[in-house]
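Keep in mind that the numbers below use all heavy atoms, side chains included, and drop hydrogens, waters and symmetry copies.
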Amino acid sequence: MYDFDRETDRRGTWSVQWDGIADRFGVSDLLPFTISDMDFASPPEVLTALRDRVDHGVFGYTDWRLGEFREAIRHWYADRFDTAIDPDSLVYAPSVLSQLSQLLQMWTAPGDGVVVHTPTYDGFRKAVTGLGRELRGVPLGDLDALERELARPDSTMLLLCSPHNPTGRVWTEEELTVFAALAERHGAAVVSDEIHADLTTEGHRHVPWTRIAEPGRGRRWALVTSGTKAFNFPALSGSYGLIGDPDERTAFIRRMETGEGLASPAVLSLTAHIAAYRQGAAWLDELRGYVAGTMEVVRRRLADGLPGVRWEPPQAGYLAWIDLRPLGIEETRLQEELITVEKVAIMPGGVYGTPGFVRLNVGCPRAKAERGVDALVRAATRLRTT
């Protein structure tokens with residue numbers, strides 16, 4: 001029904017991934033597989049709603065609490081995650097990271113430790129360290145290390161990525177329940193970034209933090225998310241969150257509206273979210289199937305071209321997190337080969353605190369993804385034999 005094979009030229013659109021490639025990689029003539037947005041147009045239903053709103057022609061101050069925005073979110077969670085949410089628990093902000101910034105300032109102090117899983121989304125690192133907090137990483141799956149870090153007296157927040165970026169790990173309900181118990185035991189606030197939740201693959205189930213944060217279990221928790229990732233409209237900005245404690249929620253809204261001067265949201269973001277959550281399910285399901293097919297192509301080509309690399313598709317998302325350490329290739333050499341010879345831009349694992357990996361964005365037409373993985377195979381093969 002939807003054509004995900006159609007290629008759209010994004011050059012000249014102020015795209016970070018395409019037009020801003022030289023800022024990170026030093027040259028501009030690269031085929032990019034980098035920042036986590038997709039090369040697909042947003043759902044037709046979203047585009048139609050945006051056109052209708054633009055045709056209205058008046059873009060005065062708006063209020064996210066008026067109209068259909070909160071009800072569309074309530075509907076989406078009930079339909080998609082079998083989860084009832086209280087629309088009165090919602091908050092709004094320009095982005096997930098802006099929500100995180102406010103929550104860090106509310107619930108932690110300079111010098112405090114913020115516990116995260118490694119590898120770590122680089123946006124977390126920038127937000128945490130930029131506010132003078134200490135990022136404390138623990139490996140995925142190491143509960144002993146997680147408890148050790150949370151037990152430190154000045155570890156005041158557990159920051160989750162659920163599903164996890166960059167690995168695509170979908171946390172089980174049992175795992176999340178353990179995280180909640182550890183945070184409660186050691187008095188840490190919990191912030192769960194769930195922006196990748198809508199991109200889980202078949203056979204995996206995302207559990208929203210609201211199902212874990214039972215009444216009475218920890219006063220300070222927040223779920224922060226947005227429809228911009230799954231439906232590919234991050235440039236419209238806009239995110240929302242759920243904060244359990246009414247007083248904390250009121251304090252958050254006050255900070256956004258007074259301290260940050262962000263009382264009026266971007267109206268096109270509200271429009272896009274409503275259309276996506278009311279009419280975008282069919283597009284999203286087809287997208288998920290298409291990305292899963294592309295991931296299988298990546299798996300086969302890696303298995304054929306680099307038999308020493310054992311890689312399986314992620315449980316969520318369109319980011320292939322590939323462990324190249326068995327090849328013994330130094331990361332800077334691989335990046336030089338990819339950039340200067342293959343003319344592709346692929347994110348190195350060191351960006352996420354784990355050298356030896358790469359993060360390949362395959363949220364794109366399959367033909368482009370094939371060019372990216374083939375370039376990676378060729379570069380790694382050459383370096384293995386020199």
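Taking the six-membered ring for Trp, Tyr240 and Trp76 have ring centres at least 6.0 Å apart. Close placement of the Trp171 and His117 rings is indicated, their centers lying within 6.0 Å of each other.
The CG atom of Leu131 lies 11.5 Å from the CG atom of Asp112; values are rounded to the nearest 0.5 Å. The distance from atom CG of Leu135 to atom CZ of Arg125, rounded to the nearest 0.5 Å, is 6.0 Å. Here Arg325 contributes atom CZ and Thr354 contributes atom OG1; the two are 7.5 Å apart, rounded to the nearest 0.5 Å. The structure places OG1 of Thr271 at 10.0 Å from CZ of Phe233, a figure rounded to the nearest 0.5 Å. Rounding to the nearest 0.5 Å places CG of Leu242 at 4.5 Å from CG of Leu90. Here the NE2-OG distance, from His196 to Ser36, works out to 5.0 Å after rounding to the nearest 0.5 Å.
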Open item on the list: Set out, in order, the CA-CA distance, both residues' side-chain angles and the distance that settles salt bridge (Lys or Arg N to Asp or Glu O under 4.0 Å) for Arg333 and Glu336, then state yes or no.
Closed with: CA-CA 5 Å; Arg333 291 188 65 208; Glu336 183 179 0; over 6 Å; no

Open item on the list: Could you walk me through whether Arg366 and Asp5 satisfy the salt bridge (Lys or Arg N to Asp or Glu O under 4.0 Å) test, starting with their C-alpha distance in whole Å, then the side-chain angles of each, then the deciding distance to 0.1 Å, before giving a yes or no?
Closed with: CA-CA 6 Å; Arg366 195 161 295 155; Asp5 286 319; 5.5 Å; no

TODO: Starting from the C-alpha separation in whole Å, work towards a yes-or-no answer on salt bridge (Lys or Arg N to Asp or Glu O under 4.0 Å) for Arg70 and Asp88.
DONE: CA-CA 8 Å; Arg70 295 193 300 173; Asp88 289 335; 3.4 Å; yes

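Ion pair Asp198/Lys229 not flagged as a salt bridge, since none of the NZ, NE, NH1 or NH2 atoms sits closer than 4.0 Å to an Asp/Glu carboxylate oxygen. A salt bridge is absent between Glu45 and Arg278; no separation between the charged side-chain nitrogens and carboxylate oxygens falls under 4.0 Å. One finds no salt bridge joining Arg371 and Asp374 here, because no Lys/Arg side-chain nitrogen approaches an Asp/Glu carboxylate oxygen to under 4.0 Å. A salt bridge links Arg299 with Glu296: the closest approach of a Lys/Arg side-chain nitrogen to an acidic carboxylate oxygen falls below 4.0 angstrom.
At distances below 3.5 Å, not a single donor-acceptor pair connects side-chain atoms of Ser264 with backbone N or O atoms of Tyr61. Using modelled atom types, no side-chain atom of Trp311 and backbone atom of Ala303 make a donor-acceptor pair closer than 3.5 Å. With Glu337 contributing its side chain and Leu383 its backbone, the two residues share no donor-acceptor pair below 3.5 Å. The main-chain N or O of Ala93 is never found under 3.5 Å from a side-chain atom of Gln99 such that the two would form a donor-acceptor pair.
For the pair Lys368 and Phe33, the cation-pi criterion (under 6.0 Å, within 45° of the ring axis) is fulfilled.
In this structure, Leu182 is a member of the same hydrophobic cluster as Val191, with clusters built from ILVMFWY side-chain heavy atoms closer than 4.5 Å. Val351 and Leu338 fall into different hydrophobic clusters, where Ile, Leu, Val, Met, Phe, Trp and Tyr residues are linked whenever their side-chain heavy atoms come under 4.5 Å apart, directly or through other members. Side-chain heavy atoms closer than 4.5 Å link hydrophobic residues (I, L, V, M, F, W, Y) into clusters, and following such links, possibly through other members, connects Trp283 to Ile195. The same ILVMFWY cluster, assembled from side-chain heavy atoms under 4.5 Å apart, contains both Leu158 and Met106.
Side-chain contact check for Thr108 and Arg133: at least one donor-acceptor pair (N or O, by modelled atom type) lies under 3.5 Å. Ser15 and Gln17 share no donor-acceptor pair across their side chains, judged by distance under 3.5 Å alone. Side-chain atoms of Arg211 and Thr83 form a donor-acceptor pair, as typed in the model, at a separation below 3.5 Å. Side chains of Gln105 and Ser101: a donor on one and an acceptor on the other come within 3.5 Å. Judged purely by distance below 3.5 Å, without hydrogens or angles, the side chains of Ser155 and Arg136 pair a donor atom with an acceptor atom.
Asp39 has its side chain within reach of Pro365: a pair of non-hydrogen atoms, C-beta onward, lies under 4.5 Å apart. Counting heavy atoms from C-beta on, the side chains of Leu31 and Lys343 never come closer than 4.5 Å. Counting only heavy atoms from C-beta outward, the side chains of Pro94 and Leu262 approach each other to under 4.5 Å. Leu287 is listed as a side-chain neighbour of Leu199, based on a closest heavy-atom distance under 4.5 Å. Within the 4.5 Å cutoff, the side chain of Leu284 has heavy atoms near those of the Arg288 side chain. In this structure the side chain of Leu306 reaches within 4.5 angstrom of the side chain of Thr381, judged on heavy atoms. Between Asp122 and Tyr352, the closest side-chain pair of non-hydrogen atoms falls below 4.5 Å. A heavy-atom distance below 4.5 Å is found between the side chains of Pro314 and Met295.
Between Tyr277 and His273, the two ring planes are perpendicular [angle over 60°; tilted spans 30° to 60°]. Under the 30°/60° scheme for interplanar angles, the aromatic rings of Tyr290 and Phe4 are found to be tilted.
Of all the heavy atoms in Asn361 and Cys364, the pair that sits closest is O-SG, 4.2 Å. Closest non-hydrogen pair, Ile346 versus Gly372, comes out as CD1-O, 4.1 Å. Of all heavy-atom pairs spanning Pro326 and Gly308, the tightest one is CB-O, 3.5 Å. Pro265 approaches Tyr92 most closely through the heavy-atom pair CB-CE2, 3.1 Å. The two residues Ala72 and Ile274 make their nearest non-hydrogen contact at CB-CA, 4.1 Å.
Within 6.0 Å of the CD atom in Glu147, the count of heavy atoms belonging to other residues, nucleotides or ligands exceeds 12. For Arg65, the CZ atom counts as densely surrounded, since its 6.0 Å shell holds more than 12 non-hydrogen atoms of other residues, nucleotides or ligands.
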